[in-house]
Amino acid sequence: MQNDWAYLEKYALENQQLLKQLNDGNRIVLIGDSITEFWERYDSIFFSQDNYINRGISGQTTLQILERFQNDVIDLQPKCVIILAGINDIAENNGPIMLEEIMANIIKMVEKSLKNNIEVLLCSILPTSNFYWNPKIQPIKKIMQLNQMIKAYSLVKQIKYVDYYTQMVDENLGLDKKYTDDGVHPNLEGYLKMKSILKFHLK
């Protein structure tokens, strides 16, 4: 059941096919949850023209992403990984968790990457003022705190910090309505904004 829990099978076939292809040393993997997974549905050209590899799985917490990190990132030998994770931990998708534990999982992903000579871009998690699937959670403060931890760690490790939060937050500290239809996930406008922010770091 452990394998099933992290959904290792989701990209297993695609990973096998990718490993049969010549690696030109320019692979870039985006790993995360639904915010990463749905990106390709809204802006498929962004992925196809630059050969970015989408390894997002909806609903996943950092522990689940860490569990499949070897298969979905390290084994693919990318030159770079873009990590966007943590929002589902704050939503308590797998139960309550301390911010320090979330950060520890993110750090393990970074360390695995650096050990394998993979460049890391660490992303801030996006703002939201409530989770429609778990309305009792009040996420605003925790999101700000986790982003501060991610940013501070990025500075210490001298890795790029991709700050979506600052440019997408509204006056109520939620996700700006022009960028979302449900308050959590970006719409096309939101993904185009994220792309412009991310592209700046991929130059």
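Small disclaimer: the values here were computed from a predicted structure and weren't measured.
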Check residues 71-87 and write down every donor-acceptor pair under 3.5 Å in which the side-chain atom is one partner and the other belongs to a residue at least two apart or another chain.
from, atom 1, to, atom 2, distance (Å)
D72, OD1, N15, ND2, 2.7
D72, OD2, R68, NH1, 2.7
D75, OD1, Q70, NE2, 2.8

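For the pair N54 and E40, the tightest heavy-atom approach, listed with the atom from each and the gap, is CB-OE1, 3.0 Å. Minimum interatomic distance between L22 and R27 (heavy atoms only, all atoms of both residues): O-NH2, 4.0 Å. Residues I65 and D33 come closest through the heavy atom pair CD1-N, 4.3 Å. Minimum heavy-atom separation, N147 to Y161: O-OH, 3.6 Å. Scanning both residues, P139 and S129, for their nearest heavy atoms gives CD-O, 3.3 Å. Pairing each heavy atom of K193 with each of S196, the nearest pair is O-OG, 2.7 Å.
Of the possible donor and acceptor atoms, none in the side chain of S113 sits under 3.5 Å from a partner among the backbone N and O of I118. S34 places no side-chain N or O within donor-acceptor distance of the main-chain N or O of G59, the cut-off being under 3.5 Å. Although no hydrogens or angles enter the test, the distance criterion places no donor-acceptor pair under 3.5 Å between the side chain of N172 and the main chain of G174. Distance alone, capped at 3.5 Å, is enough to place a donor-acceptor pair between the S48 side chain and the I45 backbone. For the pair K160 (side chain) and H201 (backbone), a donor-acceptor distance under 3.5 Å is present. In this structure, the side chain of N116 engages the main chain of K112 through a donor-acceptor pair within 3.5 Å. A donor-acceptor distance shorter than 3.5 angstrom exists from the side chain of Y11 to the backbone of G56, with no hydrogens or angles considered. A side-chain donor-acceptor contact under 3.5 Å links N187 to the backbone of G190.
Counting non-hydrogen atoms of neighbouring residues, nucleotides and ligands closer than 6.0 angstrom, the NZ atom of K199 exceeds 12 such neighbours. F200 CZ: 12 or fewer foreign heavy atoms inside a 6.0 Å radius.
Contact check for L173 versus M144: side-chain heavy atoms found under the 4.5 Å cut-off. The shortest distance between side-chain heavy atoms of Y179 and D170 does not fall below 4.5 Å. Counting heavy atoms from C-beta outward, W39 and L198 have side chains that approach closer than 4.5 Å. Residues M168 and L175 are in side-chain contact: their nearest non-hydrogen atoms beyond the backbone lie under 4.5 Å apart. Between L146 and D89, the closest side-chain pair of non-hydrogen atoms is not below 4.5 Å. The shortest distance between side-chain heavy atoms of K157 and L122 does not fall below 4.5 Å. Put simply, the side chain of W133 reaches to within 4.5 Å of the side chain of V184, judged on heavy atoms. Side-chain atoms of I197 and Y165, non-hydrogen and from C-beta on, never get closer than 4.5 Å to each other.
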>> Test side-chain contact (heavy atoms from CB on, under 4.5 Å) on I97 and E92; report intermediate values, then the result.
In response: CA-CA 7 Å; I97 182 169; E92 299 188 2; 5.6 Å; no

>> Applying side-chain contact (heavy atoms from CB on, under 4.5 Å) to F69 and V29, what does each step give before you reach the verdict?
In response: CA-CA 11 Å; F69 202 81; V29 176; over 6 Å; no

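For the side chain to side chain donor-acceptor pair (under 3.5 Å) test, residues two or more places apart in sequence or in another chain that qualify with D163 are T166. Scored by the ring-ring contact (aromatic ring centres under 6.0 Å, His included) test, Y52 finds F46 as partners (sequence neighbours excluded).
Between D50 and K195 there is no salt bridge, since no side-chain nitrogen of the basic residue lies less than 4.0 Å from a carboxylate oxygen of the acidic one.
Rounding to the nearest 0.5 Å places NZ of K178 at 12.5 Å from OG1 of T180. Rounded to the nearest 0.5 angstrom, I35 CD1 and I125 CD1 are separated by 8.5 Å. Atom CG of residue L188 and atom CG of residue D181 lie 10.0 Å apart, to the nearest 0.5 angstrom. Taking CD of E100 as the start and CD of Q145 as the end, the distance is 8.5 Å to the nearest 0.5 Å. Taken from CG in N105 to CD1 in I102, the straight-line distance is 8.0 Å, to the nearest 0.5 Å. Atom OH of residue Y164 and atom CE of residue M194 lie 4.5 Å apart, to the nearest 0.5 angstrom.
Using cut-offs of 30° and 60° on the angle between ring planes, the pair Y191 and Y42 is tilted.
One hydrophobic cluster, built from ILVMFWY side chains closer than 4.5 Å, holds both V120 and L202.
With E37 as the partner, the side-chain hydrogen bond (donor to acceptor under 3.5 Å, both in side chains) test is satisfied by one option alone out of K10, H185, Q60: K10.
Side-chain atoms of T61 and N93 form no donor-acceptor pair, as typed in the model, at a separation below 3.5 Å. Side-chain N/O atoms of N94 and Q64 include a donor and acceptor closer than 3.5 Å.
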